[in-house]
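Throughout, numbering of the chain's residues begins at 1 and tracks the sequence.
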Amino acid sequence: MRLVVVSNRVTMPERGEKVAAGGLAVALRSALEQHGGLWFGWSGAVSSEPAAQLEPVKHGKVSYAVTDLTEAERQSYYLGFANRALWPLMHYRLGLTEFTRADYAGYLGVNRRFARLLIPLLKPDDVIWIHDYHLIPLAAELRRRGVTNRIGYFHHIPWPPAEVFGSLPFSSTLISTMTAYDLIGLQTQNDVANLIGGLVALCGAHRDGNRVRTGQREAVVQAFPIGIDVEGFRKLAQASIRAATQPVRATTAPLGSRKLVIGVDRLDYSKGIVQRLEAFGTFLRNHPEYRGDVGLLQIAPPSRSDVPEYAELDRMSDEVAGRLNAALGEFDWTPIRVVKKAYSRSALAGLYRRAQVGLVTPMRDGMNLVAKEYVAAQNPSNPGVLVLSRFAGAAHQLGEALIVNPFDTHEVAEAIRTALAMPLSERQRRFERLYATISSTDIDWWTSRYLAALSGLDIPSGDIVPPGRPKTRRNTRKSGITNSLARADMLPQASQPTHGKGGAARGKALPNAPSAG
């Protein structure tokens, strides 16, 4: 069996494109390099007449098949329906959701064209793994053209409840296409409940546990929280510090003995960057003893600058940082630095390791792999502290972080103070449990668990492995896709959520802080 991955964007190795730390590209490339297969999607380029058929290009064990979009398709499918309708809707931002019938028609049109281009590349025993909100109706288009292969879908961002998703015109039609998949993976059990509830409420689906049926089609809906290459990232952080890479030197030299708080996000309104800057300003005002002794570095590479809301966020973040620096800074100390450029994974790993506090406070996030990368990068003998939004999917796993409500700037400010003042023994205890969790649910675990489920194997319904549980080691880098899909003994033992007894409570920043539930 061969693995076929389909995603909106495909990063071709020879183009030397930077891949942001964490995220879809890193996870998928890791899965394909382990198992071999085909990666299909948009090239990222625009042309007047995209190719009518594709010739895959092979690099190592992975073949790449990419197509351009027309400018009209880019505007309607990508900038329009995907990023001005679905993205804000999935992040519960109804006020920012903009829908037009032309954009929706363009979205469906691109999915139809992707299906036509993909079918000639498929083999009868291929296992197809489709990713994210850009391609929700793709399986339905493939089924309409006679494709009978096993097809799975993984949704990388939140899935909202039926009353939110149902506000989208044609929501019942769009959500009904999800049952063309054999397996639907989401980040958390909350997302699973929301999607199943939407299928029942909006298109009359029948449910039996985590199985949902409409007509003759039945889909399994299950949580598969995505992980990272923990060991690889840990080694990357160690090497970056030893080599004193230029970004790490440039950051460390001005700091001297000062402490560093770091945030790393795409410049997106879902990430809570402006609110985070305001919270750091509140922290300095409420605790003047820290002025001059700690600084915030916010790395925020711009994205989707063609969308007006993102251009406005760019302006607001500069304005807030400038106002706070003017009010709180000194001639030899700038409290906030906002850097709007992408850094290599090596540089980010070194910066995470240098930072005493990782500030990960999205307003809503599917998982947030920066939180896991921050933990993986820490020095076990002197680890930093993770401050994590309760609305990130990672909060369902990382209960030993300081869990905060990102809408409450005072609570986030107090969590920063708690993190900076935390005794070494407490930091080590929290780190050990966090590291055990992320290493037990790493990228290999995620990939093999999802692919085993897609192949039809029965796997545990729990969505994570509890902290400290030894992980079943799998030689996935040496095994082929057939073994990964066919061998049940490669799966971890049955798992249970960490929020059983007090998991979230131990991660509270303050006695009255909300839990990560």
(Q) Is there a side-chain contact between S43 and V10 in this structure, where contact means two heavy atoms from C-beta onward sitting under 4.5 Å apart? (A) no
Q) Can you tell me if Q298 and D265 form a side-chain donor-acceptor pair at under 3.5 Å? A) yes
Q: Run the numbers on V127 and R2 for side-chain contact (heavy atoms from CB on, under 4.5 Å), then give the verdict.
A: CA-CA 6 Å; V127 173; R2 183 180 66 154; over 6 Å; no
Q: Show your working on side-chain contact (heavy atoms from CB on, under 4.5 Å) between R143 and I151 and close with a plain yes or no.
A: CA-CA 10 Å; R143 299 293 188 207; I151 307 178; 3.6 Å; yes
(Q) Is any side-chain heavy atom of I175 closer than 4.5 Å to one of L195? (A) yes
Q: Provide the closest heavy-atom pair for P158 versus D191 in the form atom of the first, atom of the second, distance.
A: CA-OD1, 3.7 Å
Q.
Using 30° and 60° as the class boundaries, would you call the ring planes of F154 and W446 parallel, tilted or perpendicular?
A. perpendicular
**Q.** Salt-bridge contact D442-K372 (side-chain N to carboxylate O under 4.0 Å)
**A.** no
Q: Mind checking the CH2-CG spacing from W39 to L3? Nearest 0.5 Å is all I need.
A: 11.0 Å
**Q.** Residues D126, R150: salt bridge by 4.0 Å N-O rule
**A.** no
Q: Give a yes-or-no answer on whether the side chains of R113 and T67 include a donor-acceptor pair shorter than 3.5 Å.
A: yes
Q) Checking R207 side chain against G197 main chain: does a donor-acceptor pair fall under 3.5 Å? A) no
Q: Assess whether atom CD of E71 is packed by more than 12 heavy atoms of other residues, nucleotides or ligands within 6.0 Å.
A: yes
Q. Hey, is the main chain of H134 close enough, under 3.5 Å, to the side chain of N111 for a donor-acceptor pair?
A. yes
Q. Does W159 have its ring centroid less than 6.0 Å away from the ring centroid of F165?
A. yes
**Q.** Min side-chain heavy-atom separation L142-I119 under 4.5 Å
**A.** yes
Q.
Which residues pass the ring-ring contact (aromatic ring centres under 6.0 Å, His included) test with F81, not counting sequence neighbours?
A. Y104, Y107
Q | Pair D444-T447, side-chain donor/acceptor within less than 3.5 Å | A | no
Q: Without swapping roles, check the side chain of Y153 against the backbone of D132 for a donor-acceptor pair under 3.5 Å.
A: yes
Q) After noting the C-alpha distance and the side-chain angles of L348 and L236, does the key distance pass the side-chain contact (heavy atoms from CB on, under 4.5 Å) rule? A) CA-CA 9 Å; L348 288 175; L236 201 62; over 6 Å; no
Q | Pair E141 + R116: basic N to acidic O under 4.0 Å | A | no
Q) Any side-chain heavy atom of R112 within less than 4.5 Å of one from R145? A) yes
Q. With side chains defined as the heavy atoms from C-beta onward, is the minimum distance between V4 and L118 less than 4.5 Å?
A. yes
Q. Is there a donor-acceptor pair closer than 3.5 Å between any side-chain N or O of S171 and the backbone N or O of L168?
A. yes
Q. Rounded to the nearest 0.5 Å, how far apart are CD1 of I130 and CZ of F114?
A. 11.0 Å
Q: Return yes if some donor-acceptor pair links the side-chain N/O of T361 with the main-chain N/O of P406 below 3.5 Å, else return no.
A: no
Q) Is there side-chain contact between I438 and L398, with heavy atoms separated by less than 4.5 Å? A) yes
Q) Closest heavy-atom contact between A376 and I228? A) CB-CD1, 4.0 Å
Q: Using atom types as modelled and distance alone, determine if a side-chain donor or acceptor of E73 lies under 3.5 Å from a backbone N or O of T70.
A: yes
Q: Hey, could you give me the CZ/CZ distance between R101 and F170, rounded to the nearest 0.5 Å?
A: 4.0 Å
Q) Rounded to the nearest 0.5 Å, how far does CZ of R390 lie from NE2 of H396? A) 9.0 Å
Q) Quick one: do D68 and R74 make a salt bridge, cutoff under 4.0 Å? A) no
Q | Pair S270-R364, side-chain donor/acceptor within less than 3.5 Å | A | no
Q: Quick one: pull up CZ in F233 and CD in E231 and give me the separation to the nearest 0.5 Å.
A: 13.0 Å
Q: Show your working on side-chain contact (heavy atoms from CB on, under 4.5 Å) between T177 and I136 and close with a plain yes or no.
A: CA-CA 7 Å; T177 66; I136 288 172; 3.7 Å; yes
Q: Assert yes or no for the condition that the ring centre distance of F40 to Y64 is strictly below 6.0 Å.
A: no
Q: If the plane angle is over 60° it's perpendicular, under 30° parallel, otherwise tilted; pick one for F407 and F391.
A: perpendicular
Q | Main-chain N/O of R93 paired with T97 side-chain donor or acceptor, under 3.5 Å | A | yes
Q: Anything under 30° is parallel, anything over 60° is perpendicular, the rest tilted; go ahead and classify H131 against H156.
A: tilted
Q: Report yes if the side chains of E218 and V212 come closer than 4.5 Å at any heavy-atom pair, otherwise no.
A: no
(Q) So which atom in P160 and which in N194 form the shortest heavy-atom distance, rounded to 0.1 Å? (A) O-CB, 3.4 Å
Q | Salt-bridge contact K123-D125 (side-chain N to carboxylate O under 4.0 Å) | A | no
Q | Distance-only polar pair, side chains of T214 and T179, donor-acceptor under 3.5 Å | A | yes
Q. Taking the inter-plane angle between the rings of Y310 and Y269 on a 0 to 90° scale, is it parallel (under 30°), tilted (30 to 60°) or perpendicular (over 60°)?
A. tilted
(Q) Let me confirm one number: the NE2-CD1 distance from H155 to I184, rounded to the nearest 0.5 Å. (A) 10.5 Å
**Q.** Plane angle bin for Y352 and Y374 - parallel if under 30°, tilted between 30 and 60°, otherwise perpendicular
**A.** perpendicular
Q: Using a strict 4.0 Å threshold on nitrogen-to-oxygen distance, state whether K340 and D314 make a salt bridge.
A: yes
Q | Where A65 and L121 come nearest, the two heavy atoms and their spacing | A | CB-CD1, 3.7 Å
Q: Mind listing the closest non-hydrogen atom pair of A162 and G198 along with its distance?
A: CB-CA, 3.8 Å
Q) Between S317 (side chain) and V274 (backbone), is there a donor-acceptor pair under 3.5 Å? A) no
Q: Start with the C-alpha gap between Y77 and N83, add the side-chain angles, then the distance that decides, and say whether side chain to side chain donor-acceptor pair (under 3.5 Å) holds.
A: CA-CA 8 Å; Y77 153 78; N83 285 317; over 6 Å; no
Q | Side chains of Q275 and M363 in contact at under 4.5 Å (non-hydrogen atoms) | A | yes
Q. Considering all heavy atoms of both residues, which atom of A392 and which atom of N368 are nearest to each other, and what is their separation?
A. CB-CB, 4.3 Å
(Q) Assess the residue pair Y78 and W42 against the criterion (ring pair (Phe, Tyr, Trp, His ring centres under 6.0 Å)); give the C-alpha distance rounded to whole Å, side-chain angles, the decisive distance to 0.1 Å, and a yes or no. (A) CA-CA 10 Å; Y78 180 68; W42 176 32; 5.2 Å; yes
(Q) What verdict does the salt bridge (Lys or Arg N to Asp or Glu O under 4.0 Å) test give for D182 and R217, after you've listed the backbone C-alpha separation in whole Å, the side-chain angles of each residue and the deciding distance to 0.1 Å? (A) CA-CA 8 Å; D182 296 290; R217 291 292 312 171; 3.4 Å; yes
